[in-house]
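Take a look at the structure set out below.
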There are 2 protein chains.
Amino acid sequence: MTVEGYDPRAFPPFAVTVDLAVFTVRDGRLHVLLIERGTEPYQGAWALPGGFVLPRESAEQAARRELAEETGLSESTVAGLHLEQLRTYSDPGRDPRMRVVSVAYTALLPDLPEPRGGGDAAHACWKAHGGPQRLAFDHERILADAHERVGAKLEYTGLATAFCPAEFTLGELRQVYETVWGVELDRPNFRRKVLTTPGFVEAVEGGARLTGGRGKPAALYRAGPANALHPPLLRPEGRHST
Amino acid sequence: MTVEGYDPRAFPPFAVTVDLAVFTVRDGRLHVLLIERGTEPYQGAWALPGGFVLPRESAEQAARRELAEETGLSESTVAGLHLEQLRTYSDPGRDPRMRVVSVAYTALLPDLPEPRGGGDAAHACWKAHGGPQRLAFDHERILADAHERVGAKLEYTGLATAFCPAEFTLGELRQVYETVWGVELDRPNFRRKVLTTPGFVEAVEGGARLTGGRGKPAALYRAGPANALHPPLLRPEGRHST
DNA sequence: CCCTTTAGAGTCATGATGACTATAAAGGGG
DNA sequence: CCCCTTTATAGTCATCATGACTCTAAAGGG
C-alpha cells in the first residue's frame, strides 16, 4: 500500500488530536498542568490538556491554541513559549471510543499564578508530578516520556532557563535541575559550569535579589543566546568511570 | 475545544500515513532508500517510502510493514531492525490533494544487496544522500531532520553499530561516524574511546578480517549491550540542534 | 552576638580528550 | 627480494572538564 494512486475519498478515517505536557517548577517540586474529566470514559480522572487539530491548522498551531485556552495566557505570550513536539501516540484502542492519533507536545513555563479557565469549561490546574492521581487514556505514559525528554534536554541545551522568570539567580536555575532530575547538585561546581559555558547565561548589571529573605543576596542573570551547551551538563547518575 | 463531550461522528477527518527515512552506509557515502513517483503530484520525482496507517494497526506497525514491502526483507528480519519515530508532519497543504498527517520514522540498515521490489509496483532503490534529486512533498525537510537526528544519536548511543554487519572492525565503525558526520576522526583516539566506553562493543575471539585486502588485518567486534554511551562521543565541531 | 542560610571564590586530584609519534602486518610494484 | 603504501594498534603528553572539597561573604533571626 503506497501513497501513489489512492482514492482521496476512500482513506481510513482518523481523528487527530494534540496532547500537552506542560511543566513548571513550584516550591521545589515539578508540577504539571492537568484537567479533570467531566465525561466518560475516565470521568473524574485527570488528563493532559489537549484537543482536536482543526482542518486548517498544523498540530503545533493546535497545541499553542489549546495552551492559550487552558492557561488563560494571551496568544502573543503563548507564541513566544518554548513548545516542542514530543512524539505521536497511535495505538489502536488508546481511546475506547474511536481511532485517535495524538501528537504530544511539551511546554515549560515559569511559576505562574494559577491558570484562569479559558473561554470553555476547562478548569486546568497545576498538580505535583508523581502524585497519587492516575491519568486517563495513555496520558501516564505520555507524561513519563515528556519528563524523560525534558530531563535529557536539560543536559545539552539551555532549556532550564525556560522554567525561570526573565531574570533569575543561579540558585533558582540550580533548583530547576535538581527538581527535574531529582538529585542534589554541588553549588560551587554548578556555578562554575554554568558561568564557563559560553552563551548559557548573561549577567544582569547591578542586579541582586534576596533569596527568600535567607542567605546572601544573589546576582541576577538572564538566558543567554546559546541553545546548545558545549560540553553538556550531564546528570550525575549518567557518568560511569572506566 | 476539548476532547470531552465531542460527537465521534463529527470529528475533522484526516488521513494518517507513515514516511520512512531509511539510511545505510555504502562505499563511504550515506545512502537513503527512495521510490520514484509514478503519478501526479510530483510525478517522476523521488519520495520517501511510506503509506497509509491501516485502521487496526499502530503507526509503528505500519512503518515496519511498509519497510518490509519496500525492501523485500522478511517480516521477522524487519521486526528486529532499529526503527525510531522521528516526528510528525502536519502542515495543512503539505499534500495538495487532501489533509494528510504523516508520522515519520528513521531506520538504519547495514549495507544490503539492492532491495527487491515487494508485492506491489514500488521500486525502491538506494540513492546517495545529498545528491541532485529533489524530493516530493516535504520529504526534503523530513530527510534533513532524520539526518540531523541520526547524527545526534551517534553521539550518545551505540546506534552506529546498526549500520554495520553483525561482526565488524573498528575501521568500519569509524567510517560510519565519518560518513554520517561528514568529518575525519583520528584513528587511535577513536579506537581508545570506543574500547574504553563500557558496553559499546565486545571483542570477537579469534576473529580478524582483511580490510579490503589492504593494510593490517583488523580484529572483529560485535555490538555490546549498552544503548547509551557514557560519556558521549561528541562531534568534533560540536553541532547540535534544539 | 552568635547561629543558620545561601552566595561565591578557590584548591586539588582525576579523568577524558586532542594532537601527536611509533610499531605491526598485510599486499603491490619494482 | 626490498621498499612502498595502507590500515591497525600501542603508546605519550599537555590540556581541559569535572567531582569533592574548603573557605569567606552577606543577609536575617533568636
List the atom pairs, donor and acceptor, that lie under 3.5 Å between side-chain atoms in residues 218-229 of chain B and the rest of the protein, sequence neighbours left out.
none

(message) Nearest whole Å is fine: how far is C/dT17 P from A/H230 NE2?
(response) 15 Å

(request) With sequence neighbours left out, write down each residue that passes ring-ring contact (aromatic ring centres under 6.0 Å, His included) with A/Y177, or none if nothing qualifies. (result) A/W181, A/F190

(request) Using the test side-chain contact (heavy atoms from CB on, under 4.5 Å), find all partners of B/E172 that sit at least two apart in sequence or belong to another chain. (result) B/F168, B/T169, B/R209

(message) A/K193: which residues meet the side-chain contact (heavy atoms from CB on, under 4.5 Å) condition with it, sequence neighbours left out?
(response) A/T197, A/P231, A/L233

(request) List in chain and number order the residues that pass ring-ring contact (aromatic ring centres under 6.0 Å, His included) with B/H31, two or more places apart in sequence or in another chain; answer none if no residue qualifies. (result) none

(request) Would you kindly compare A/E172 and B/K193 by the position of their nearest DNA chain C nucleotide and give the one closer to the 5′ end? (result) A/E172

(request) Could you name each residue pair satisfying salt bridge (charged side-chain N to carboxylate O under 4.0 Å, His left out) that touches residues 173-191 of chain B, not counting sequence neighbours? (result) B/R174-B/E178

(message) For a quick check under 3.5 Å, do B/T88 and B/S90 share a side-chain donor-acceptor pair by atom type?
(response) no

(message) Rounded to whole Å, how long is the line connecting atom CD of A/E155 with atom C1' of D/dA17?
(response) 15 Å

(request) Take atom CZ of A/R191 and atom P of C/dG10, then tell me their distance rounded to the nearest Å. (result) 11 Å

(message) Only Watson-Crick and G-U wobble pairs, only distances under 3.5 Å, only runs of 3 or more: what stems does that leave for DNA chain D?
(response) C:1-30 with D:1-30

(message) Test of understanding: with ring-ring contact (aromatic ring centres under 6.0 Å, His included), list the residues that count as partners of B/W46, not counting sequence neighbours.
(response) none

Please write out each protein N/O paired with an N/O of nucleotides 11-13 of chain D under 3.5 Å, distance rounded to 0.1 Å.
none

